[in-house]
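Down below is the structure, laid out as structure tokens.
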Amino acid sequence: MPLMKIDLIKGREKEEIKQILNISYEVMLDTFKAPKGDRYQIVNQHEDYEMQILDTGLDVERTKDVIVFTIITRPRTQQQKQRFYSEVTNKLHENMGIRKEDIMFSLIENTDEDWSFFNGEAQFLNGML
């Protein structure tokens with residue numbers, strides 16, 4: 001049920017994008033204990049001038065490979081969040097060579113009443129889920 005939005009600068013190959021999606025999905029399943037099939041990922045690709053991802057004064061230099069993950073999910077523990085950030089970052093770095101400094105996360109919490117999967121119904125509230 002986490003909805004994962006992934007913003008990238010245009011230019012990545014199709015297989016590379018699939019690998020980013022697969023890695024982040026597998027880590028999400030493990031760290032958030034979501035059921036298999038709970039896969040909601042959306043990739044947005046931007047021109048390089050459309051993404052200004054600075055460093056909040058932390059002296060981190062970003063490259064054209066920057067990835068911003070926005071995850072909308074029910075509340076998670078601090079430990080789950082930190083493990084998710086760390087594992088996705090490490091796996092993207094180890095498997096794809098993406099610099100750790102180029103990976104950013106923002107997690108937005110919501111509750112069951114904030115979801116409708118189809119038919120304009122709140123499936124978590126009406127007993128379907």
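In this text the structure is predicted, and so the values were computed from the model without any measurement. When a residue number appears, it is its place in the shown sequence, counting from 1.
- R74 forms a cation-pi arrangement with F124, by the criterion of a distance under 6.0 Å to the ring centre and an angle within 45° of the ring axis.
- Rounded to the nearest 0.5 angstrom, D38 CG and L129 CG are separated by 8.5 Å.
- Between the OG1 atom of T63 and the CD1 atom of I98 there is a distance of 9.0 Å, given to the nearest 0.5 Å.
- When each of Q79, Q80, E87 is tested with R83 by the rule side-chain hydrogen bond (donor to acceptor under 3.5 Å, both in side chains), just one qualifies, namely E87.
- Within the model, atoms CZ of R12 and CD1 of I20 stand 4.0 Å from one another, a figure rounded to the nearest 0.5 Å.
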Going through the checks in order, is the salt bridge (charged side-chain N to carboxylate O under 4.0 Å, His left out) test met by K91 and E94? CA-CA 5 Å; K91 288 180 189 245; E94 292 165 9; over 6 Å; no
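- No cation-pi contact links R76 to F84, judged by a cut-off of 6.0 Å to the six-membered ring centre and 45° from its axis.
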Would E50 and I9 count as a side-chain contact (heavy atoms from CB on, under 4.5 Å) if you check the C-alpha gap in whole Å, the side-chain angles of each, and the deciding distance to 0.1 Å? CA-CA 8 Å; E50 294 177 323; I9 293 174; over 6 Å; no
Before giving the answer on side-chain contact (heavy atoms from CB on, under 4.5 Å), spell out for Q82 and T77 the whole-Å C-alpha distance, their side-chain angles and the decisive distance to 0.1 Å. CA-CA 9 Å; Q82 290 177 332; T77 67; over 6 Å; no
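- A side-chain donor-acceptor contact under 3.5 Å links Q41 and S24.
- A heavy-atom distance below 4.5 Å is not found between the side chains of F105 and K81.
- Looking at R99 and D65, their side chains never come closer than 4.5 Å, going by heavy atoms from C-beta outward.
- Interatomic distance, CG of L107 versus CZ of F32, reported as 5.5 Å (0.5 Å rounding).
- Considering only heavy atoms from C-beta on, L8 stays 4.5 Å or farther from N44 through its side chain.
- Here the side chains of T73 and N110 are not in contact, with every heavy-atom distance at 4.5 Å or above.
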Apply the test side-chain contact (heavy atoms from CB on, under 4.5 Å) to residues M51 and V66: give CA-CA distance (whole Å), side-chain angles for both, the deciding distance (0.1 Å), then the verdict. CA-CA 9 Å; M51 287 183 65; V66 66; 4.0 Å; yes
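- Rounding to the nearest 0.5 Å places CD1 of I108 at 9.0 Å from CG of L3.
- Side-chain contact between I42 and M4: absent, with no pair of heavy atoms (C-beta onward) separated by less than 4.5 Å.
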Start with the C-alpha distance between Y40 and Y25, add both sets of side-chain angles, then the distance that settles ring pair (Phe, Tyr, Trp, His ring centres under 6.0 Å), and finish with yes or no. CA-CA 9 Å; Y40 304 97; Y25 173 66; 9.5 Å; no
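- In summary, E101 and R62 do not engage in a salt bridge, as defined by a charged side-chain N under 4.0 Å from a carboxylate O.
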